[in-house]
Amino acid sequence: MKWCWLFFFVSCFAYAKPPLVIDIISSENFSQRYKEFLAGRSVLEIDDFHPSTKGSHIEIIEMVLLQQALFLGGEHRPVIFNPKPSVNIIEFSDLIAGDSLVLARSTWHEDLLDYKGSLYITEPLVEYGEYEAGFYVTKRNVALHDMPAERLNQLTVVANPRWKVDWRALNNTDINVVSFIGPWETMLEMVETNVVDAMLINFSVSESLVLNFEGREYVPINELKLLLPDSRHFVVSKRHPEGEQVFNALNTGLAILKQRGILKKALIESGFISGRVKDWHMVNESMLMRALP
């Protein structure tokens, strides 16, 4: 669906109001990649979510879906993205204090349980059972490319115990989990230098599923995947003076996007839900079965 005419009509009135300021992580080049993805289009025009750049694409798609949901929910003001240090975002400190309004990145529901008194939590953007990841090893480590599930007890995978969902999922398998608290890039370096065999990463958007990071290539172990057992949601500050209004608009818009099938379409076309691994063996499938009614 194209919303150009509607956007033009509403924007005449919207720009008379102060814009909505939405936080993004400053350590990533999300702003540039977002601009490249739009390629001059209005965000409300976007109905094709296929990646236009290398690397993970879901962050850019979430920036788009958040704005489309706000608009459908009746919030027509223009949006300004405000880069902030990741620690302020990951620990929700600015949201809790009311210094930030909303994040342009979804969050695991489990990570929000202790903050329900301070944060509004939207309906899920990613449903339970939709988030899958692969065991990425170096491309040169050919011996691991076709490791069977029966040998997972021989595999070492680095993980951050503060990433509760990843940690719980990995510890519901026979994999040897190596604990490390530190940057994502350092964890990948541990794979590169053979300190560990693999790292859990959401599947690459490339046709071959190859992840290229700083000129180094990593591939997922063939035919194996892991379910990350949780849902992901947008969060809005309860202490911000506009928090309730923006939350209601966002939640309403997300419901419309879901009803129209746009949320699932976006997750599939962006590569987040990868059809290439649809029939791969889920090594912690029992977690999904336990969650079913």
Side-chain angles (χ1 to χ4, degrees), residues 28 51 54-62 90 105-111 124-139 141 144-149 152 155-180 183-192 196-213 217-233 264 266-289 291:
E28 300 281 357
K54 294 182 179 180
S56 179
H57 193 50
I58 187 62
E59 298 90 352
I60 309 305
I61 296 307
E62 288 183 339
I90 294 172
R105 186 75 174 99
S106 66
T107 304
W108 291 117
H109 186 264
E110 182 170 332
D111 291 337
L125 183 74
V126 178
E127 301 277 358
Y128 189 106
E130 289 185 326
Y131 202 124
E132 298 175 342
F135 302 101
Y136 272 78
V137 302
T138 59
K139 191 173 183 179
N141 198 346
L144 292 178
H145 289 189
D146 296 302
M147 171 179 275
L152 281 178
L155 189 72
T156 57
V157 177
V158 62
N160 189 332
R162 293 179 178 173
W163 300 348
K164 299 174 185 176
V165 178
D166 302 50
W167 188 256
R168 187 171 75 253
L170 285 166
N171 280 283
N172 270 269
T173 70
D174 294 329
I175 293 168
N176 299 295
V177 185
V178 177
S179 174
F180 178 81
W184 184 91
E185 295 84 355
T186 304
M187 297 168 72
L188 196 59
E189 183 67 22
M190 293 172 68
V191 178
E192 180 67 30
V196 295
D197 296 320
M199 179 178 173
L200 188 66
I201 303 175
N202 56 298
F203 289 103
S204 168
V205 299
S206 69
E207 286 291 331
S208 61
L209 300 178
V210 171
L211 170 67
N212 190 309
F213 182 77
E217 292 188 324
Y218 304 86
V219 298
I221 296 176
N222 288 323
E223 302 296 328
L224 299 181
K225 62 183 179 181
L226 189 79
L227 163 74
L228 296 185
D230 203 359
S231 54
R232 291 186 68 89
H233 308 251
K264 180 62 70 71
L267 294 176
I268 291 173
E269 290 185 353
S270 68
F272 177 79
I273 296 178
S274 177
R276 302 179 189 89
V277 304
K278 179 181 178 181
D279 298 322
W280 285 20
H281 174 60
M282 186 181 294
V283 300
N284 63 332
E285 187 173 12
S286 60
M287 296 188 76
L288 178 60
M289 300 303 294

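Since we're looking at a predicted model, the values are computed, not measured.
The shortest side-chain heavy-atom distance between V219 and L211 does not fall under the 4.5 Å cut-off. Side-chain atoms of L227 and E285, non-hydrogen and from C-beta on, never get closer than 4.5 Å to each other.
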**OP:** Evaluate the criterion side-chain contact (heavy atoms from CB on, under 4.5 Å) for residue pair R105 and I58; output intermediate values, then yes/no.
**Re:** CA-CA 9 Å; R105 186 75 174 99; I58 187 62; 4.0 Å; yes
Subject >> Test log, rule side-chain contact (heavy atoms from CB on, under 4.5 Å), inputs L170 and L200 >> reply: CA-CA 9 Å; L170 285 166; L200 188 66; 4.3 Å; yes
**OP:** Given side-chain contact (heavy atoms from CB on, under 4.5 Å), test L188 with V158 step by step and report yes or no.
**Re:** CA-CA 9 Å; L188 196 59; V158 62; over 6 Å; no
Original post:
Does the side-chain contact (heavy atoms from CB on, under 4.5 Å) test come out yes or no for D174 and V283, once each step is laid out?
Top reply: CA-CA 9 Å; D174 294 329; V283 300; over 6 Å; no
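Relative ring orientation between H233 and H109 is described as tilted, the plane-to-plane angle lying within the 30° to 60° band. Taking the six-membered ring for Trp and thresholds of 30 and 60 degrees, W108 and Y131 have ring planes inclined between 30 and 60 degrees apart.
Here the closest non-hydrogen pair linking D197 and V191 is O-CG1, 3.6 Å. Taking both residues in full, the closest heavy atoms of W280 and I221 are given as CZ3-O, 3.5 Å, listed atom of the first, atom of the second, then distance. Taking both residues in full, the closest heavy atoms of S179 and W167 are given as CB-CH2, 3.7 Å, listed atom of the first, atom of the second, then distance. Between S204 and Y136, the shortest heavy-atom distance links the atoms N-OH, 3.0 Å. Here the closest non-hydrogen pair linking S106 and L125 is CB-CD2, 4.1 Å. Residue A159 comes nearest to V177 through the heavy atom pair CB-CG1, 3.9 Å, listed as atom of the first residue, atom of the second, then distance.
Within the structure, every pair that satisfies the side chain to side chain donor-acceptor pair (under 3.5 Å) test and touches residues 218-227, not counting sequence neighbours, is listed here: E132-K225, D146-N222, E192-Y218.
Atom CG of L226 and atom CE of M282 lie 8.5 Å apart (nearest 0.5 Å). Atom NZ of K278 and atom CD1 of I268 lie 9.0 Å apart (nearest 0.5 Å). The OG1 atom of T156 sits 13.0 Å away from atom CE of M199, with the distance rounded to the nearest 0.5 Å. Separation of atoms CD1 (I175) and CG (L152) is listed at 5.0 Å; rounding is to 0.5 Å. How far CD of E217 is from OG1 of T138: 11.0 Å, rounded to the nearest 0.5 Å. Rounding to the nearest 0.5 Å gives a distance of 11.0 Å between CG of L224 and CG of L144.
A salt bridge links E110 with R168; the closest basic N to acidic carboxylate O contact falls under 4.0 Å. The existence of a salt bridge linking E127 and K264 is excluded, since no basic side-chain nitrogen approaches an acidic carboxylate oxygen closer than 4.0 Å.
Between the side chain of S270 and the main chain of L267, a donor-acceptor pair closer than 3.5 Å is present.
The aromatic ring centres of F203 and F272 sit 6.0 Å or more apart.
Enclosure of atom CZ in R276 by more than 12 non-hydrogen atoms of other residues, nucleotides or ligands within 6.0 angstrom is indicated.
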